[in-house]
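Worksheet for the structure shown next.
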There are 2 protein chains.
Amino acid sequence: MRFPKLFERLATLAPLPPEEWAKAEAVAKEQSLAKREFFMRPGDAADRFAVVLRGVFRGVRVSPRGGESIKAFRAEGELIGAYAEMLQRLPSMTAIEALEPSHVLVFQTQDFQQLEQGHVCWERLARRVAEQHFILKERREQEFLELSAEERLVKFWEEHPHLKGRIPQRDVAAYLGITEVALSRIMSRRRKRAE
Amino acid sequence: MRFPKLFERLATLAPLPPEEWAKAEAVAKEQSLAKREFFMRPGDAADRFAVVLRGVFRGVRVSPRGGESIKAFRAEGELIGAYAEMLQRLPSMTAIEALEPSHVLVFQTQDFQQLEQGHVCWERLARRVAEQHFILKERREQEFLELSAEERLVKFWEEHPHLKGRIPQRDVAAYLGITEVALSRIMSRRRKRAE
DNA sequence: ACCTGGGCTTGACCTGGGTTAAGGCGGCGG
DNA sequence: CCGCCGCCTTAACCCAGGTCAAGCCCAGGT
């Protein structure tokens, strides 16, 4: 077994027989990405996803009007991929970019579907993944509905302490739905208030 | 079969043997709700969900600070329930309230889990449901990130034309994340612009 | 017909965040 | 060592939306 830690993590989501995991490892391919290299670009087919082994990624949505907003950051142990587009069999509308030299374990969705046909555990795992992703998005929805930009910022760092120092300020702003300028103002305001 | 239309709808999500559906109908209970009556209140156990047969509901999150925001409206054929809380086995933090005299088909999550143990089709259906819910929430996230309140309003009516005239203005505002006052202003601004 | 109350609008005023543009500053290549 | 570039900050100005408060409209009840 090449990735015992990853196996353990997945097994907490749904029971996963080691021999099934062995099959998964057999079809997965490792990939290294330089800083600023893309795992996926808008327009690419959403036919692959990966687990981050080392590094951090940002999922960027480039809107028709040119604005960039950030859907999520993903670090060690988390999944990257154009999930919504994959489910809808649409080309990716998301850019997924390494913010550090990174290393990932890539699966073709086609290979994953093969695994699903071999054992129900994969369908169960996929269900749990969908549910967890839903919970995350609903939490985010709620933050937009109820919290000010400043409150969202505080919460962001509470929930993602491991990203401290690894992502540029402007990306945090794009994640919060504000500009770099507004974020800088909010931070200086807080600094002052804390004397 | 008491609800052939519902059966058909579900069968489009995942293959569903009629005999399994019969079992589901056997454990489900119909419930009627008056206008303003709650299907679920904050603090209730999230141990049931339902399909709307007739009527409209709003899912309201009452924040600690007293503000009300609306997570979703649900009409005929859609699911109501405190989904995220159910997945996390937490008590509901959501109020689900009928905006019209309504009629729903209620399932206990416990009964649903029984069905799941009897046939994989239910797990597959649950997965599809999770995935669809995810897609909806991600779409909403994107709207908050990229669109102004006015653009969100336009999109809301494009996507929910069947709710026209059935939900009060203030609830639309609470769904968009703005106040009733702001919504009224936006609407009058648009009226003027259209001469 | 009248009152009442709920839901919507309007106005005056304030504030948070957008926009634009001008620096500051640290790292890196020449 | 200098100059450049990327990233962040600051300032001036503007506008969308929040807040508070008054008023309107209409449906329901008496």
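Because the structure is predicted, anything quoted here is derived from the model rather than measured.
- Under a cutoff of 6.0 Å and an axis angle of 45°, R9(A) and F3(A) do not form a cation-pi pair.
- When the P atom of dT19(C) is taken as reference, atom CD of E180(A) falls 12 Å away, rounded to whole Å.
- Residues in residues 178-192 of chain A take part in these side-chain hydrogen bond (donor to acceptor under 3.5 Å, both in side chains) pairs, two or more places apart or across chains: E150(A)-R190(A).
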For side-chain contact (heavy atoms from CB on, under 4.5 Å), just list the numbers for I178(B) and L153(B), CA-CA rounded to whole Å, side-chain angles, deciding distance to a tenth of an Å, and then say yes or no.
CA-CA 10 Å; I178(B) 62 181; L153(B) 173 66; over 6 Å; no
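- Considering R127(A), E116(A), K23(A), Q117(A) as possible partners of W122(A), the one that fulfils the side-chain contact (heavy atoms from CB on, under 4.5 Å) test is E116(A).
- Of all nucleotides in DNA chain D, those with any atom nearer than 4.0 Å to a heavy atom of chain A start and finish, going 5' to 3', at dC7(D) to dA12(D).
- Atom CG in L147(B) sits roughly 14 Å away from atom P in dG18(C) (whole-Å rounding).
- A straight line from CE of M187(A) to C1' of dG16(C) spans 17 Å, rounded to a whole angstrom.
- In this structure, the side-chain contact (heavy atoms from CB on, under 4.5 Å) partners of H162(B), at least two apart in sequence or on a different chain, are A75(B), H160(B).
- Atom-to-atom, CZ of F144(A) to C1' of dG16(C) comes out at 16 Å; the value is rounded to the nearest Å.
- Ring pair F49(B)/F112(B) is perpendicular by interplanar angle, where above 60° counts as perpendicular and below 30° as parallel.
- Classification of E141(B) and K71(A) as a salt-bridged pair fails, no side-chain N sitting under 4.0 Å from a carboxylate O.
- Mapping R191(B) and R152(A) onto DNA chain C by nearest heavy atom places R191(B) closer to the 5' end of the strand.
- For dG18(C), its base sits under 3.5 Å from the side chain of R185(A) at one donor and acceptor pair at least.
- A salt bridge between K155(A) and E158(A) is absent, with no side-chain N of the basic residue lying under 4.0 Å from a carboxylate O of the acidic one.
- Put simply, CG on L183(B) is 15 Å from P on dG7(C), counting in whole angstrom units.
- Note: F134(B) and H133(A) have perpendicular aromatic rings, judged against thresholds of 30 and 60 degrees for the angle between ring planes.
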Quick one: which protein N/O atoms are closer than 3.5 Å to N/O atoms of nucleotides 20-24 of chain C? Pair and distance per line, please.
none

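- Judged by the 6.0 Å distance and 45° axis criteria, R48(B) is positioned over the aromatic ring of F39(B).
- Spacing between atom NZ of K35(A) and atom P of dG27(C) amounts to 13 Å, rounded to whole angstrom units.
- We find that E146(A) and R61(B) are joined by a salt bridge, their nearest charged nitrogen and carboxylate oxygen being less than 4.0 Å apart.
- Atoms CD (E146(B)) and P (dG18(C)) sit 14 Å apart, rounded to a whole Å.
- Only G177(A), I178(A), T179(A), listed by number, bring a heavy atom of residues 161-179 of chain A to less than 4.0 angstrom from any atom of DNA chain C.
- Across its full length, the helix from dA1(C)-dT30(D) to dG30(C)-dC1(D) shows an angle of 20° between the axes of its 5 terminal pairs at either end, rounded to 10 degrees.
- What you find for A130(A) and E131(B) is that their closest heavy atoms are CB-CG, 3.8 Å.
- With respect to E143(A) and R152(A), no salt bridge is recorded, no charged nitrogen being found less than 4.0 Å from a carboxylate O.
- Both tests do not hold together for R140(A) against F144(B): distance to the six-membered ring centre under 6.0 Å, angle to the ring axis within 45°.
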